[in-house]
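Note sheet for the following structure.
Chain identifiers are assigned alphabetically (A, B, ...) following the order of the sequence lines, protein sequences preceding nucleic acid strands; residue numbering begins at 1 within each chain. Note that the structure is a prediction, hence the values are computed from the model and not measured.
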Number of protein chains: 2
Amino acid sequence: MVTATERRERQRAERHQLIITAARELAETEGWEAVTTRKLADKVEYSQPVLYGHFANMEAIRDAVAVEGIGEMAEQMREARLAAPESEGIRAICTSYLAFAAAHPAAYQAMFSLPTKVKWASAETPAPLRAAFNEIVSAFGPYNERNAALAELIWGSLHGMAVLLRSGRIPQEQQEQRLDLLVALFADAPA
Amino acid sequence: MVTATERRERQRAERHQLIITAARELAETEGWEAVTTRKLADKVEYSQPVLYGHFANMEAIRDAVAVEGIGEMAEQMREARLAAPESEGIRAICTSYLAFAAAHPAAYQAMFSLPTKVKWASAETPAPLRAAFNEIVSAFGPYNERNAALAELIWGSLHGMAVLLRSGRIPQEQQEQRLDLLVALFADAPA
DNA sequence: CGCTAACTCTAGCATTGCTAGATTCAGTTT
DNA sequence: AAACTGAATCTAGCAATGCTAGAGTTAGCG
């Protein structure tokens, strides 16, 4: 009988996702320092050891939230880019990026600020990470060395803005002009 | 007798610095997760409670390392900028920034990646932080709204590059062209 | 010499991540 | 239907963490 095993695996996958979702919710509402194995186990209504049946350790759970978040962000950037006129592609990507960072600060933190074991450069780089990066490259045109470099740079700038915005350094009111400047900078990039 | 009190205060200040230095060394050699109150107390040859006579908690120690690091980086950027011809100011700042990040990864992590209570925007912003920011602004010219915005953007880009370099995403060989692109982008910024 | 106050340490608490071993439960076989 | 087997889950607990109360020591003063 295969269906019994199948059902078990499906339930296992569901619980896997349940843990990730619970961790993310907990982080968004109470901050990452509140995401402990006990609280998380309590929230998913299992005991602590169950968590370790799905993830090697707490860091792996945070990394899973990070990968999920990056996938979501990639998707949102893609939708924003496709919905905008071609000439506004870069701006659409930027706005979408910053919107995600503002709307999901804990996920964003897991993605780009907290210590992580997620590899960005190697063969086992998760697909969502590649998708996110390629999405930014797409705003500049076809994939080539120059556009990849531009993508990395604007990514860095966006990350910097996101952090500074969150810490309150940049007043929200000047944000639009700041974004204008960023977009102008990269749109007029010398060949 | 005032000298007794003075001496005590001097010794206290010395020990304060000793703690910061020890924490930084420990972090650079073994990583921040190895900087525990016990190891740190052991290294400075005092008991744990002494640490709390100087800092509210472990995070405050890390923040002190961060502020010290930012001060150092500001100084190095300043020297690099003054040593370079005027037209190469931006490049000098960038090179200096990335060199510091590469040379002191743990300090850099405390400065810009790890959770912190250091305020960048308020009245009690430490002087070294202001100095660092103003130094970047100086590369663009006198302090005004536009140059401050440019400084924030290039700062973000540099941070992004530093993180990507460290994680191995960017091959070191292409780094020079990448820097050329960044400098060109910001040097030719539209008014 | 003795008193006081500042300083420092020992010892321990609560909480953390993580795990071994007991226990329960579901599916299969007799 | 009952017993067996192996997987799944929990209880209980360990070592390490940040932090602190209270004891003990030391240094400066009369």
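Of the charged side-chain nitrogens involved, none lies within less than 4.0 Å of a carboxylate oxygen, so that B:Glu124 and B:Lys119 do not count as a salt-bridged pair.
The aromatic rings of B:His54 and B:His16 are tilted relative to each other, their planes meeting at an angle between 30° and 60°. Ring pair A:Phe140/A:Phe186 is tilted by interplanar angle, where 30° to 60° counts as tilted.
Only B:Val35, B:Thr36, B:Thr37, B:Arg38, listed by number, bring a heavy atom of residues 32-46 of chain B to less than 4.0 angstrom from any atom of DNA chain D. Residues from residues 51-65 of chain B with heavy atoms under 4.0 angstrom of DNA chain D, sorted by number: B:Tyr52, B:Asn57, B:Met58.
Atom pair B:Gln11:CD and D:dG28:C1' shows a separation of 14 Å (rounding to whole Å applied). Rounded to an integer number of Å, the gap from A:Arg15 CZ to D:dA7 C1' is 12 Å.
Mapped onto DNA chain C by nearest heavy atom, B:Arg12 and A:Gln48 fall at different nucleotides, with B:Arg12 at the one closer to the 5' end.
Note that CZ of A:Arg166 and CG of A:Leu164 are 13.0 Å apart. Values are rounded to the nearest 0.5 Å. Rounded to the nearest 0.5 angstrom, A:Leu182 CG and A:Met161 CE are separated by 6.0 Å. To the nearest 0.5 Å, the span separating OG1 on A:Thr36 from CG on A:Leu26 amounts to 7.5 Å.
Nearest to the side-chain atoms of A:Pro49 among the listed nucleotides C:dT8, D:dT11, C:dC9 stands D:dT11.
A:Ser138 has its side chain out of reach of A:Met77: every pair of non-hydrogen atoms, C-beta onward, lies at least 4.5 Å apart.
Here the shortest heavy-atom pairing between B:Tyr108 and B:Ala101 reads CD1-CB, 3.6 Å.
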